[in-house]
Amino acid sequence: MSKPQYTQEQLIAILQSGKPEEFGVLYDYFSGALYGVISKIIDNNDVAQDILQESFVKIWEKSNSFDPSKGRLFTWMLNIARNTAIDASRSKHVKAAAKIQNTEDNVRMIDNQMSVSQSEESMDVSEIVNKLLPEHRVILDMMYFQGFSQDEVSKELGIPLGTVKTRARNAIIKLRETFKFVID
């Protein structure tokens, strides 16, 4: 079953209605995309889910401050989610959770190495992409996995088109360098 389509005006009306039962429509409509951005900043799925919930609480609390003349609803929500994730990534709680996650990951990695001999040539692409700067990962994700054009990325993230092009180019150069090193 496909997701119902709403116009920008309908989504804004839902946001500004103040009705909790209607706010669920915004969650259903935008949570996947916002979670994708948050998870690029926060490496722990449980913490990223918490940040998503916190972001929607902030969106609900700030619903009256949205001004359609200043930009699109998704861009406004995306900025709230991204800023919430960045703030959280600086907190002690998230750093502690990341350490725990890294420890768990290391245990899994050791278990995998003991059970399956891995060759140097079989490096996971997602590991390489995760080494990119978060602002580069977000742009690559939007352009290559979500199908956004560079202009659409610029508008959605509220950054200049030149910045989008530069970040995308720098990310691709970094990926080429990394793949060249892995292949050689």
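- Looking at Ile172, Ile173, Thr166 one by one, the single match for side-chain contact (heavy atoms from CB on, under 4.5 Å) with Arg169 turns out to be Ile173.
- Atoms NZ and CD, on Lys58 and Glu61 in that order, are 8.5 Å from each other to the nearest 0.5 Å.
- Between the CG atom of Leu11 and the CZ atom of Arg72 there is a distance of 9.5 Å, given to the nearest 0.5 Å.
- Contact of the Met77 side chain with the Phe56 side chain is registered, since non-hydrogen atoms from C-beta on lie closer than 4.5 Å.
- Between the side chains of Arg167 and Asn170, no donor-acceptor pair of N or O atoms lies under 3.5 Å.
- Taking hydrophobic clusters as Ile, Leu, Val, Met, Phe, Trp and Tyr residues chained together by side-chain heavy-atom distances below 4.5 Å, Leu78 shares a cluster with Ile86.
- Take Gln53 and apply the side-chain hydrogen bond (donor to acceptor under 3.5 Å, both in side chains) test, not counting sequence neighbours, and it matches Tyr27.
- The nearest pair of heavy atoms linking Leu132 to Ala171 is CD2-O, 4.0 Å.
- A heavy-atom distance below 4.5 Å is not found between the side chains of Arg137 and Leu140.
- With contacts defined as side-chain heavy-atom distances shorter than 4.5 Å, the pair Tyr35/Ile51 does not qualify.
- To the nearest 0.5 angstrom, Asn79 atom CG is 10.0 Å from Trp76 atom CH2.
- By the 4.5 Å heavy-atom criterion applied to side chains, Ser63 and Phe23 are not counted as neighbours.
- Leu157 and Leu161 fall into different hydrophobic clusters, where Ile, Leu, Val, Met, Phe, Trp and Tyr are joined by side-chain heavy atoms under 4.5 Å apart, directly or via other members.
- Put simply, OG on Ser65 and CD1 on Ile80 are 6.5 Å apart, with the number rounded to the nearest 0.5 Å.
- The minimum heavy-atom distance between Ser154 and Pro160, with the atom names listed, is OG-C, 3.6 Å.
- Between Asp46 and Asn44, the shortest heavy-atom distance links the atoms N-OD1, 2.9 Å.
- Side-chain contact between Val153 and Val138 is absent, with no heavy atoms from C-beta onward closer than 4.5 Å.
- Lys40 is not listed as a side-chain neighbour of Pro134, based on a closest heavy-atom distance of 4.5 Å or more.
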>> For a side chain to side chain contact (heavy atoms under 4.5 Å, CB included) check, start with the C-alpha distance between Ile38 and Ser55, then their side-chain angles and the critical distance, and finish with the verdict.
In response: CA-CA 10 Å; Ile38 292 167; Ser55 298; 3.9 Å; yes
> Between Glu54 and Asp50, does a side chain to side chain contact (heavy atoms under 4.5 Å, CB included) hold up when you go through it step by step?
Replying inline: CA-CA 6 Å; Glu54 184 179 339; Asp50 290 343; over 6 Å; no
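- Taken from CG in Leu15 to NZ in Lys62, the straight-line distance is 12.5 Å, to the nearest 0.5 Å.
- Val57 is not connected to Leu34 by any chain of hydrophobic side-chain contacts under 4.5 Å among Ile, Leu, Val, Met, Phe, Trp and Tyr, and they are in different clusters.
- Side chains of Ser149 and Asp151: no donor on one and acceptor on the other come within 3.5 Å.
- Across all their heavy atoms, Val164 and Met143 have their closest contact at CG1-SD, 4.4 Å.
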>> Leu73 vs Tyr29, test: side chain to side chain contact (heavy atoms under 4.5 Å, CB included). Steps then yes/no.
In response: CA-CA 12 Å; Leu73 177 61; Tyr29 204 76; over 6 Å; no
> Are Thr84 and Leu52 close enough, and set up right, to give a side chain to side chain contact (heavy atoms under 4.5 Å, CB included), and what steps lead you there?
Replying inline: CA-CA 9 Å; Thr84 303; Leu52 179 65; over 6 Å; no
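- Under a hydrophobic clustering in which Ile, Leu, Val, Met, Phe, Trp and Tyr are joined whenever their side-chain heavy atoms come within less than 4.5 Å, directly or via other members, Trp60 and Phe30 fall into the same cluster.
- In this structure, Gln150 CD and Met142 CE are separated by 12.0 Å, a value rounded to the nearest 0.5 Å.
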